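This one's a predicted model, so the numbers in the text were calculated from it and none came from an experiment.
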Amino acid sequence: MLNLRMESYRTQLVALVLVGLISLPLQAQVIPGRWEKVSALQVASPITVELKDGDRIKGHYEDLSDTDVMLVTHFSRAVIPKEDIETITTQPVDNLSNGTLIGGGIGAGIMSVWTAAWYAKSYERANALGILMMAGIGFGIGAGLGAAGDALEKPVPIVLYEAP
């Protein structure tokens, strides 16, 4: 009996480790020297071009030719030879709405469960209005914390091109 139980624990542990390994985030890296991601950009997309000499140019993507990358900066139009480019990156769009909604949902869920458990523990009849009111309070607190957390998190730039 003990041996069967140990085998069950081992199987559960191995399954848990495998699920954990499978769920690790996969990161796709750009292939050095390939221009496909840059050519797929929409015109006027914001990009940052880092040159091999260390200079950095921020602007909006305009076009890609066989030899040059064209972008519009605040002051003028820049034509940069491909052989001078080290990396091209873009900044992902990140607003606070996703953090606000996730935090609000978690807060509302926690307060609803806590209020329902309080009613069950105190042997009082559950009051739907009370649960909804506490869920609203939880949503407000969670939304504020979620927005603050989302504002503190800086999005990682996406690499579109990297020199070989």
CD (Gln42) with more than 12 external heavy atoms under 6.0 Å: no
Around Lys58, counting heavy atoms of other residues, nucleotides and ligands shown, do more than 12 lie under 6.0 Å from its NZ? no
Of the non-hydrogen atoms in [X] and [Y], which two are nearest, and what is the gap between them?
| X | Y | value |
| --- | --- | --- |
| Thr115 | Gly130 | CG2-O, 4.2 Å |
| Asn95 | Asp150 | O-OD2, 3.1 Å |
| Pro155 | Pro92 | CB-CG, 3.7 Å |
| Ala78 | Thr73 | CB-CG2, 4.5 Å |
| Tyr161 | Arg34 | CD1-O, 3.3 Å |

For the atom pair [atom1] ([X]) and [atom2] ([Y]), what is the distance rounded to the nearest 0.5 Å?
| X | Y | atom1 | atom2 | answer |
| --- | --- | --- | --- | --- |
| Leu145 | Ile102 | CG | CD1 | 13.5 Å |
| Arg77 | His60 | CZ | NE2 | 15.0 Å |
| Ile47 | Leu71 | CD1 | CG | 5.0 Å |
| Glu86 | Glu162 | CD | CD | 7.0 Å |
| Thr87 | Lys52 | OG1 | NZ | 11.0 Å |
| Met111 | Ile131 | CE | CD1 | 11.5 Å |

Side-chain heavy atoms under 4.5 angstrom apart, residues restricted to Ile, Leu, Val, Met, Phe, Trp, Tyr: same cluster for [X] and [Y]?
| X | Y | result |
| --- | --- | --- |
| Leu41 | Val49 | yes |
| Trp114 | Ile141 | yes |
| Ile158 | Trp35 | yes |

In short, salt bridge (charged side-chain N to carboxylate O under 4.0 Å, His left out) pairs touching residues 134-147 with sequence neighbours left out are none
Student check: side-chain heavy atoms of Gln91 and Pro46 closer than 4.5 Å: no
* Between Tyr61 and Thr90, is a side chain to side chain contact (heavy atoms under 4.5 Å, CB included) present by the stated rule, with each step listed? -> CA-CA 10 Å; Tyr61 173 76; Thr90 186; over 6 Å; no
Apply side chain to side chain contact (heavy atoms under 4.5 Å, CB included) to the pair Thr67 and Lys82, showing each step before the final yes or no. CA-CA 6 Å; Thr67 58; Lys82 284 183 174 180; 5.8 Å; no
message = Before you tell me yes or no, could you show the steps for Thr89 and Glu50 under side chain to side chain contact (heavy atoms under 4.5 Å, CB included), namely the whole-Å CA-CA distance, both residues' side-chain angles and the distance that decides it to 0.1 Å?
response = CA-CA 8 Å; Thr89 59; Glu50 189 171 327; over 6 Å; no
side-chain contact (heavy atoms from CB on, under 4.5 Å) test vs Val69 passes for just one of Asp63, Asp84, Ile57, Leu64, namely Leu64
Please determine whether side chain to side chain contact (heavy atoms under 4.5 Å, CB included) holds for the pair Ile85 and Leu51, giving the CA-CA distance in whole Å, both sets of side-chain angles, and the decisive distance to 0.1 Å. CA-CA 4 Å; Ile85 297 174; Leu51 302 175; 4.3 Å; yes
